[in-house]
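Positions are given from 1 along the sequence.
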Amino acid sequence: MPNLLIDTGVNLYYQISGNGYPVVLISGLGADHTAWDFILPYLHNHYQIITFDNRGAGRSNTPEQHYTTEMMAADVIGLMDALQIKKAHIIGHSMGGAIAQHIALSAPDRINKLILINSFSKINHLAYYTLLGRLQMAELDLPLRTKIETNLSWLYSNRSLQDKNQVMEIIDRICKNPHPQSLLGFKNQVSACLQHDTQEKIDQIIHPTLIVFGSNDILITIDHSKKLIKIPNSKLERIPGAHMLIVESPFKTSKAILNHLAI
């Protein structure tokens, strides 16, 4: 698959699947393009799907300078320019939704419809200290498996975690990733999340927007989604599951996505 140099000076790895109207999927903190693997089978029969690795993740570059969600939004716009995509549906998960908000604000003509999944306009104190704790854990010299296991309760619902086979699949999938995120990439992405704040601007977003939240998300709670509902032309949809809806509830999440894009 291609590796593309965009005009922000960052090499972004991307993949394209399916045919039709373009849909850009933006991954969350620590994730690369494979985070959408459980969603893709439901979408690429209807749309042309563009997935990619954010700066600091996967096979994309990891610049040393400070990251912001505005900067990462510029990366996405640069990718669209390079692929000659004038306008697309934009879907972002968690940090990806924060990035998507800045695309909607800075380049509204590049978005048709917007979907924000488990996302936020500004993280609350619980999420703030959770992310700081995750960063401190990442900095410790511990086995990767231990680091993964300590994060599971923040990301997945009890329904998923009681299934030992599913837990093993989640852990193995992360452990076997041939392009794991570096500590520098994680640190810079955490910094971008901690500083993201569009609270006073989201009422300027003009696009039809679907806000999806997990009923059991204890990291990015329903309160975060209720603040996003200040987007004028938006609606809120609850799906059973926790923060990683795109992994543990892919069918219901995809159904919500397809329904919104079809309107």
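When all heavy atoms are compared, the tightest approach of Ser234 to Ile229 is OG-O, 3.3 Å. Between Ser215 and Pro240, the shortest heavy-atom contact is OG-CA, 3.3 Å. Between Ile91 and Trp36 the shortest heavy-atom distance is CG2-CH2, 3.9 Å. Nearest approach of Ile85 to Pro22, heavy atoms of both residues: CG2-CG, 3.8 Å. Taking every heavy atom of both residues into account, Ile111 and Ala100 meet most closely at CD1-O, 4.2 Å. When all heavy atoms of Ser249 and Gly241 are compared, the closest pair comes out as OG-CA, 4.3 Å.
Using cut-offs of 30° and 60° on the angle between ring planes, the pair His196 and Phe120 is perpendicular.
Leu12 and Leu184 are not part of a single hydrophobic cluster, where members link through side-chain heavy atoms under 4.5 Å apart. Residues Leu29 and Ile174 share a single hydrophobic cluster, defined by chaining ILVMFWY side chains whose heavy atoms lie under 4.5 Å apart. A chain of hydrophobic side-chain contacts below 4.5 Å, direct or via other Ile, Leu, Val, Met, Phe, Trp or Tyr residues, connects Met244 to Leu144. Under the 4.5 Å side-chain heavy-atom criterion for Ile, Leu, Val, Met, Phe, Trp and Tyr, Tyr42 and Ile49 are members of distinct hydrophobic clusters.
Side-chain contact between Leu114 and Leu210 is absent, with no heavy-atom pair separated by less than 4.5 Å. Between His89 and Val24 the shortest side-chain heavy-atom distance does not fall below 4.5 Å.
The number of heavy-atom neighbours closer than 6.0 Å to OH of Tyr21, taken from other residues, nucleotides and ligands shown, is above 12. With a 6.0 Å radius and a threshold of 12 heavy atoms from other residues, nucleotides or ligands, Glu200 has its CD atom at or below the threshold. The local environment of CD in Gln162 is crowded, with over 12 non-hydrogen atoms from other residues, nucleotides or ligands closer than 6.0 Å. Lys87 NZ: more than 12 foreign heavy atoms inside a 6.0 Å radius. Residue-environment remark: CG (Asp37) exceeds the threshold of 12 foreign heavy atoms within 6.0 Å.
A salt bridge is defined here as a Lys NZ or Arg NE, NH1 or NH2 lying under 4.0 Å from an Asp or Glu carboxylate O, and Arg55 with Asp75 meets this definition. A salt bridge links Arg110 to Asp81: at least one charged side-chain nitrogen sits closer than 4.0 Å to a carboxylate oxygen. Ion pairing between Arg173 and Glu169 fails under the 4.0 Å rule for side-chain N and carboxylate O.
Between atom CD1 of residue Ile117 and atom CD1 of residue Ile246 there is a gap of 6.5 Å, rounded to the nearest 0.5 Å. Expressed to the nearest 0.5 Å, how far CD of Glu64 lies from CG of Asn188 amounts to 8.5 Å. Here the straight-line distance linking atom CG of Asp217 with atom CH2 of Trp154 works out to 10.5 Å at 0.5 Å rounding. Distance CD1/Ile170 to CD1/Ile148: 10.5 Å, rounded to 0.5 Å. With rounding to the nearest 0.5 angstrom, the CG atom of Asp53 is 8.0 Å from the CD atom of Gln15. In this structure, NZ in Lys227 is found 13.0 Å from CD1 in Ile211, a value given to the nearest 0.5 Å.
Looking at His66 and Ser191, their side chains do bring a donor and an acceptor atom within 3.5 Å of each other.
Between Ile171 and the choices Arg145, Gln166, Lys176, the side chain to side chain contact (heavy atoms under 4.5 Å, CB included) rule is met once, by Arg145. A side chain to side chain contact (heavy atoms under 4.5 Å, CB included) with His102 is found for one member of Thr69, Val76, Ile77, Thr68 and no other, namely Thr69. Each of Ile231, Thr198, Asp197 was scored for a side chain to side chain contact (heavy atoms under 4.5 Å, CB included) with Ser121, with one residue passing: Thr198.
Remark: aromatic rings of His33 and Tyr13 are close, center separation under 6.0 Å.
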| request: Carefully, step by step, assess Asp32 and Asn177 under the rule side chain to side chain donor-acceptor pair (under 3.5 Å). | output: CA-CA 10 Å; Asp32 59 23; Asn177 186 342; 3.1 Å; yes

| Criterion side-chain contact (heavy atoms from CB on, under 4.5 Å) on Ser119 and Ile220, from CA distance to verdict | CA-CA 7 Å; Ser119 197; Ile220 301 300; 5.8 Å; no

| query | Do Glu70 and Ser106 pass the side chain to side chain donor-acceptor pair (under 3.5 Å) test, and can you show the C-alpha distance, the side-chain angles, and the key distance before you say yes or no? | reply | CA-CA 9 Å; Glu70 295 99 322; Ser106 65; over 6 Å; no

| message | The test is side chain to side chain donor-acceptor pair (under 3.5 Å); show your working for Gln181 and Gln189 and say whether it passes. | response | CA-CA 10 Å; Gln181 186 177 39; Gln189 287 191 355; 3.2 Å; yes

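Distance alone, capped at 3.5 Å, is enough to place a donor-acceptor pair between the His207 side chain and the Pro108 backbone. The backbone N or O of Pro250 lies less than 3.5 Å from a partner atom in the side chain of Ser254, making a donor-acceptor pair. Listed for the Lys147 side chain is a donor-acceptor partner under 3.5 Å among the backbone atoms of Ala138.
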